[in-house]
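Side-chain atoms are counted along with the backbone in the values below, which use heavy atoms only and exclude waters and symmetry mates. Sequence positions, counted from 1, serve as the residue numbers for this chain.
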Amino acid sequence: MGKYSGYHIEEKSVINYFILFILSLCINPLHCVENGSNSKSGGRMSMYTGKIRQILLITDGCSNQGEDPIAMAALAKEQGISVNVIGVMEQDVIDEKGMTEIEGIAMSGGGVSQIVYAQQLSQTVQMVTRKAMTQTIQGVVNRELQQILGRSQTIEDLPPEKRGEVMEVVDELGETVELEVLILVDTSASMKHKLPTVKEALLDLSLSLNARTGDNQFAVFVFPGKKNDVEKILDWTPKLQSLTSIFSQLTTGGITPTGPAIRTALSSFSSKRSLRSLMTGDDESFLEESM
């Protein structure tokens, strides 16, 4: 038996209700998200405009300057931002310490990690971004399912036919939800010959995501920058076409301040949210992955 809103109802009916509820999210562009520490209010679900926020880190080595990037990724996750990491490998070589750090950042940041050859970067960037979106949406759905049923239950525990219906809706939300991706590009010396491939991969990502019906916003930072550890080269924009001219002006070399780069990304998200809230007078809510 499931318990919800003070009434005991049959679990089968609860699952049917849940399917209808999730379907309503697709009809009405509102998404059930966690607002603060509790997404239920007065025994009823709260509905807020939803948005997925991601940091996409592209690097080929381990950090050697500033804060611990794994700790910074954990802080990002606390703020509802997933951290995805792509390690770019060349000639079958990637430092074992760097690989461990890449996996640790993604795990701590609730995101996805992948080690790839430079020539596979374009496909991987798209795959990782979309996989992380689905992962976040599934986390929200699982959390709401557990709250409705009043016990530990996930999508995988649903009957096959109901699970299929929910996954169809998860896929639909992946095409309609608003998405903000802040891209961090390692520009240390070893990345010099990989930057043209990174540029093409990001242009392909922009084209792929803009084929969705949901709105997209991108920002790009590099580390190290010309004057500072981290430098913004592209402010928030729905498209990345201007990267073509910007990337040709980048210089490589110096330290690898991955931790400071993630910290700067969090500040950028915070500033963006504060500015929008000031302009609209409303607080934003975000889809956050449940653990």
Open item on the list: What's the separation between atom CG in Asn84 and atom CD1 in Ile183, rounded to the nearest 0.5 Å?
Closed with: 11.0 Å
Task: Crowding at CD, Glu175 (>12 non-hydrogen neighbours, <6.0 Å) - done: yes
Task: Beyond-backbone contact of Phe218 with Leu202, side-chain heavy atoms, under 4.5 angstrom - done: no
Open item on the list: How long is the straight-line distance from CG of Asp186 back to OG1 of Thr252, given to the nearest 0.5 Å?
Closed with: 10.0 Å
Open item on the list: Under a 3.5 Å distance rule, please check whether Asn216 uses its side chain to pair with a backbone N or O of Leu209 as donor and acceptor.
Closed with: yes
Task: Nearest-0.5 Å distance, CE of residue Met99 to CE of residue Met89 - done: 7.0 Å
Task: Heavy-atom pair with the smallest gap, counting every atom of Phe223 and Thr258 - done: CE1-OG1, 3.6 Å
Task: Between CG on residue Leu75 and OG on residue Ser108, distance to nearest 0.5 Å - done: 9.5 Å
Task: Within-4.5 Å side-chain heavy-atom neighbours: Glu178 and Gln217 - done: no
Open item on the list: Walk me through whether Val85 and Thr59 qualify under side-chain contact (heavy atoms from CB on, under 4.5 Å).
Closed with: CA-CA 8 Å; Val85 192; Thr59 182; 4.3 Å; yes
Open item on the list: Does any part of the side chain of Leu203, heavy atoms only, come nearer than 4.5 Å to the side chain of Ser122, both counted from C-beta?
Closed with: no
- [ ] Under the side chain to side chain contact (heavy atoms under 4.5 Å, CB included) rule, collect the residues that match up with Ser208, sequence neighbours excluded.
- [x] Gln126, Arg130
Open item on the list: Return the CG to NZ distance between Asp204 and Lys199, rounded to the nearest 0.5 Å.
Closed with: 11.0 Å
Open item on the list: Using only atom types and a distance under 3.5 Å, with no angle test, would you say the side chain of Gln135 pairs donor to acceptor with the backbone of Gly110?
Closed with: yes
TODO: Taking salt bridge (Lys or Arg N to Asp or Glu O under 4.0 Å) as the test, write out the residues that go with Glu103, two or more places apart.
DONE: none
Open item on the list: Apply side-chain contact (heavy atoms from CB on, under 4.5 Å) to residues Glu231 and Thr187 and explain how you reach the verdict.
Closed with: CA-CA 10 Å; Glu231 179 182 350; Thr187 51; over 6 Å; no
Open item on the list: Using 0.5 Å steps for rounding, measure from the CG atom of Asp60 to the NZ atom of Lys192.
Closed with: 14.0 Å
Task: Side-chain heavy-atom pair Phe269, Gln79 within 4.5 angstrom cut-off - done: no
Task: Check: Thr129 main-chain N/O paired with Gln54 side-chain donor or acceptor under 3.5 Å - done: yes
Open item on the list: On a heavy-atom basis, which atom in Gln241 and which in Ser206 lie closest, and how many Å separate them?
Closed with: OE1-OG, 4.2 Å
Task: Candidate pair Thr237 and Ser242, rule side-chain contact (heavy atoms from CB on, under 4.5 Å), full reasoning - done: CA-CA 10 Å; Thr237 177; Ser242 56; 5.6 Å; no
Open item on the list: Is the shortest side-chain heavy-atom distance between Val140 and Leu173 below 4.5 Å?
Closed with: no
Task: Heavy-atom donor-acceptor pair, Arg212 side chain to Val177 backbone, under 3.5 Å - done: yes
Open item on the list: When you measure from the side chain of Thr124 to the backbone of Gln120, do you find a donor-acceptor pair of N or O atoms at a distance under 3.5 Å?
Closed with: yes
Open item on the list: Restricting to salt bridge (Lys or Arg N to Asp or Glu O under 4.0 Å), what partner residues turn up for Lys131, sequence neighbours left out?
Closed with: none
Open item on the list: Please give me the minimum heavy-atom distance between Ala201 and Val125, naming the atom from each residue.
Closed with: CB-CG2, 4.2 Å
Open item on the list: So, using side chain to side chain contact (heavy atoms under 4.5 Å, CB included) as the criterion, who are the partners of Asn64 when residues are at least two apart?
Closed with: Ile255, Thr256
Task: Residue of the set Leu57, Thr100, Ile55 for which side chain to side chain contact (heavy atoms under 4.5 Å, CB included) holds with Ile105 - done: Leu57
Open item on the list: Taking salt bridge (Lys or Arg N to Asp or Glu O under 4.0 Å) as the definition, give me every residue that meets it alongside Asp235, ordered by chain and number, with sequence neighbours left out.
Closed with: Lys232
Open item on the list: In the structure I gave you, are the side-chain heavy atoms of Leu205 and Leu56 within less than 4.5 Å of one another anywhere?
Closed with: yes
Open item on the list: Can you tell me if Met107 has over 12 outside heavy atoms packed within less than 6.0 Å of its CE?
Closed with: no
Task: Of Leu184, Thr197, Val88, the residue whose pairing with Ile58 passes side chain to side chain contact (heavy atoms under 4.5 Å, CB included) - done: Val88
- [ ] With side-chain contact (heavy atoms from CB on, under 4.5 Å) as the test, would you mind laying out the steps for Ile137 and Asp171 before giving the verdict?
- [x] CA-CA 9 Å; Ile137 294 169; Asp171 291 341; over 6 Å; no
Task: Results of salt bridge (Lys or Arg N to Asp or Glu O under 4.0 Å) for Glu200 - residues two or more places apart only - done: none
Open item on the list: Do Thr134 and Val170 make a side-chain contact, defined as non-hydrogen atoms from C-beta onward lying under 4.5 Å apart?
Closed with: yes
